[in-house]
Amino acid sequence: MRHGHGHSSWQCSFLPLASESSVHHYHLRGLQYHLLRSFVSGAVGPHRGKLGRYPPWPGKIVNPPKDLKKPRGKKCFFVKFFGTEDHAWIKVEQLKPYHPHKEEMIKINKGKRFQQAVDAVEEFLRKTKGKDQDLTIPESSTVKRVMTGTVAGFKWPPSVSEPVKDSDPHFHHFLLSQTEKPAVCYQAITKKLKVCEEETGSTSIQAADSTAVNGSITPTDKKIGFLGLGLMGSGIVSNLLKMGHTVTVWNRTAEKCDLFIQEGARLGRTPAEVVSTCDITFACVSDPKAAKDLVLGPSGVLQGIRPGKCYVDMSTVDADTVTELAQVIVSRGGRFLEAPVSGNQQLSNDGMLVILAAGDRGLYEDCSSCFQAMGKTSFFLGEVGNAAKMMLIVNMVQGSFMATIAEGLTLAQVTGQSQQTLLDILNQGQLASIFLDQKCQNILQGNFKPDFYLKYIQKDLRLAIALGDSVNHPTPMAAAANEVYKRAKALDQSDNDMSAVYRAYIH
């Protein structure tokens with residue numbers, strides 16, 4: 001749903017991408033759209049972070065929804081960004097006049113998506129030409145303080161420190177990029193929007209829609225290695241290549257590398273070779289044993305580690321395993337980051353994963369362009385082990401929910417109720433989600449082609465239960481769900497999608 005359209009009080013602005021410290025962001029179209037480069041997507045929940053400097057982005061000031069309160073503190077405008085479905089509260093002191101800087105901003109921003117946004121601006125101008133009398137400019141002439149600074153290497157001329165003038169009712173402001181420590185966090189709700197001011201300990205980097213903005217991500221000049229081309233790894237590597245990264249790949253089954261070699265990847269003969277020839281090596285394998293074997297085994301990662309080499313483990317494993325791997329990597333002078341991902345094969349292919357990272361903060365920042373290529377949001381969660389714990393909790397919730405969905409559908413069937421009608425009802429209620437709809441459709445169609453292997457969600461439930469045991473915390477719901485998945489595995493459903501847990505209820 002678009003907010004702001006249809007109001008008589010609106011005005012355009014040319015807005016650089018800013019850090020989260022300057023923005024309360026609301027994701028108005030759920031998972032279908034995402035903020036570009038530097039804003040935080042609300043689809044994941046409340047979080048905060050600090051980002052670097054990014055180029056301007058076109059937008060217009062619009063009226064906020066009636067039930068949306070302004071952030072407390074400094075004066076803000078509600079802004080809709082051209083070329084997206086995204087809106088944000090923007091602080092007044094971070095706005096800049098458009099016309100004095102239009103040409104300079106266009107020169108320093110060459111991305112395809114940026115040009116499309118500029119085209120949308122010009123189209124808007126053409127459509128609104130001659131209709132100025134219908135537009136009421138919201139308080140813009142009262143702006144007295146305008147900050148100066150650097151945006152993507154561009155030095156603002158001293159003249160912009162002067163008060164903003166309303167020389168153009170359509171284009172009024174630039175928004176400066178910021179690097180200050182954030183003081184707010186954000187929660188996006190698809191329809192009813194609220195401001196969340198809860199502090200969290202995490203930092204996040206918002207990525208672009210990797211499939212839609214080819215050319216807008218500046219790939220790192222570091223050589224990237226990737227180990228493991230399974231359901232998740234394949235999509236990740238494909239997006240890294242699409243975004244212009246130099247990637248060397250290795251997989252235990254070598255023929256899986258062929259497609260990526262054709263797309264421009266280089267082939268590594270062993271994990272050790274990949275690590276020794278690359279600056280940052282990512283790995284994504286199935287479980288703790290595979291993760292350890294990859295590092296500690298013959299011709300493994302550890303043999304290629306030397307001072308300055310970087311290793312990022314994206315596998316979903318337990319905290320003890322990832323801590324052990326971090327210790328051996330660092331003991332050789334290497335740098336370590338854990339970065340398990342939340343998502344499935346489709347989200348991996350679409351570059352829409354959620355990345356949970358912990359460990360070397362500098363390495364996390366060095367991975368920025370890679371994370372933007374493969375995901376929509378990344379969170380930095382502190383010391384090694386935190387990401388593993390959080391990932392297991394996320395998958396525990398997901399796995400338990402999937403088992404409950406299957407239980408409900410089978411109960412509907414045995415009581416003479418329509419499963420399709422049940423899905424329709426759920427899709428109209430508070431539980432409505434892409435996950436719910438897709439997994440129910442899998443069951444109704446009898447299509448269990450793996451998007452997330454059943455055996456892996458059961459593994460994650462097992463590890464989450466063990467995590468609860470380690471701190472004497474009860475996990476009875478996860479334990480019950482785990483038993484259902486174990487029965488599904490006994491029915492040869494391990495290599496099917498997690499939705500095949502349904503078959504545990506009908507046999």
Is it the case that the side chains of [Y] and [X] hold a donor-acceptor pair, with the cut-off being a distance below 3.5 Å and no angle test?
X    : Y    : value
N496 : Q493 : yes
T220 : H245 : no
Q458 : K489 : yes
T321 : D318 : yes
T277 : E273 : no

Whether D287 and K459 form a salt bridge (side-chain N of Lys/Arg under 4.0 Å from carboxylate O of Asp/Glu) is what I want to check.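 Salt bridge: no.
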
Can you tell me how far [atom2] of [Y] sits from [atom1] of [X], rounded to the nearest 0.5 angstrom?
X    : Y    : atom1 : atom2 : result
L431 : I425 : CG    : CD1   : 12.0 Å
D451 : Q345 : CG    : CD    : 5.5 Å
K455 : M498 : NZ    : CE    : 13.5 Å
E407 : S400 : CD    : OG    : 11.0 Å
C284 : L227 : SG    : CG    : 10.5 Å
C440 : M402 : SG    : CE    : 6.5 Å

Sequence neighbours excluded, every pair satisfying salt bridge (Lys or Arg N to Asp or Glu O under 4.0 Å) that has a member inside residues 295-314: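 Applying salt bridge (Lys or Arg N to Asp or Glu O under 4.0 Å) to every pair that reaches into residues 295-314, excluding sequence neighbours, yields nothing.
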
Pairs touching residues 423-444 that satisfy salt bridge (Lys or Arg N to Asp or Glu O under 4.0 Å), sequence neighbours left out: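 Residue pairs with at least one partner in residues 423-444: K439-D497.
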
Keeping the roles fixed (side chain from [X], backbone from [Y]), state whether a donor-acceptor pair exists under 3.5 Å.
X    : Y    : result
N251 : K256 : no
T475 : A478 : no
Y364 : S378 : yes
E338 : A357 : no
N447 : K449 : yes
N239 : G235 : yes
Y485 : G399 : yes
T248 : G225 : no

Please lay out, stage by stage, how K376 and D350 fare under the test salt bridge (Lys or Arg N to Asp or Glu O under 4.0 Å). CA-CA 10 Å; K376 67 175 179 179; D350 292 344; over 6 Å; no

So do [Y] and [X] actually touch side chain to side chain, heavy atoms under 4.5 Å?
X    : Y    : answer
F401 : F435 : yes
T410 : I506 : yes
R487 : H507 : yes
K289 : D293 : yes
F226 : T281 : no
N482 : I465 : yes
N344 : S348 : no
V354 : V341 : no

Nearest atoms (heavy-atom pairs only) where [X] meets [Y]:
X    : Y    : answer
P340 : A388 : CG-N, 4.5 Å
V328 : L302 : O-CD1, 3.4 Å
L229 : S234 : O-OG, 2.8 Å
W250 : G268 : CD1-O, 3.3 Å
L454 : A500 : CD1-C, 3.8 Å
F260 : S238 : CE2-N, 4.1 Å

In this structure, are over 12 heavy atoms from other groups packed under 6.0 Å from [X] atom [atom1]?
X    : atom1 : answer
Q445 : CD    : yes
K223 : NZ    : no
E263 : CD    : yes

Apply side chain to side chain contact (heavy atoms under 4.5 Å, CB included) to L337 and F380, showing your working. CA-CA 10 Å; L337 186 75; F380 185 79; 4.1 Å; yes

Residue pairs involving residues 456-483 (criterion ring pair (Phe, Tyr, Trp, His ring centres under 6.0 Å); sequence neighbours excluded):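 Qualifying pairs: Y453-Y456.
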
Qualifying residues under ring pair (Phe, Tyr, Trp, His ring centres under 6.0 Å), relative to F448, sequence neighbours excluded: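 Once residues adjacent in sequence are excluded, F448 has no partner under the ring pair (Phe, Tyr, Trp, His ring centres under 6.0 Å) criterion.
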
Quick one: ring pair (Phe, Tyr, Trp, His ring centres under 6.0 Å) partners of F452, sequence neighbours excluded?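 With neighbours one apart ignored, the set is empty.
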
Residue list, salt bridge (Lys or Arg N to Asp or Glu O under 4.0 Å) with K222, at least two apart or on another chain: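 Partners of K222 under the salt bridge (Lys or Arg N to Asp or Glu O under 4.0 Å) test: none.
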
Between I280 and C367, does the side chain to side chain contact (heavy atoms under 4.5 Å, CB included) criterion hold? Intermediate values first, please. CA-CA 8 Å; I280 303 174; C367 293; 4.1 Å; yes

Test S342 against L353 for side chain to side chain contact (heavy atoms under 4.5 Å, CB included), laying out the working first. CA-CA 6 Å; S342 178; L353 296 170; over 6 Å; no

Side chain to side chain contact (heavy atoms under 4.5 Å, CB included) evaluation trace for R266 with V249: CA-CA 6 Å; R266 301 171 184 177; V249 296; over 6 Å; no

Give the ring-plane orientation class for Y311 versus F336, where under 30° counts as parallel, over 60° as perpendicular and anything between as tilted.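 Y311 vs F336 ring planes: tilted.
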
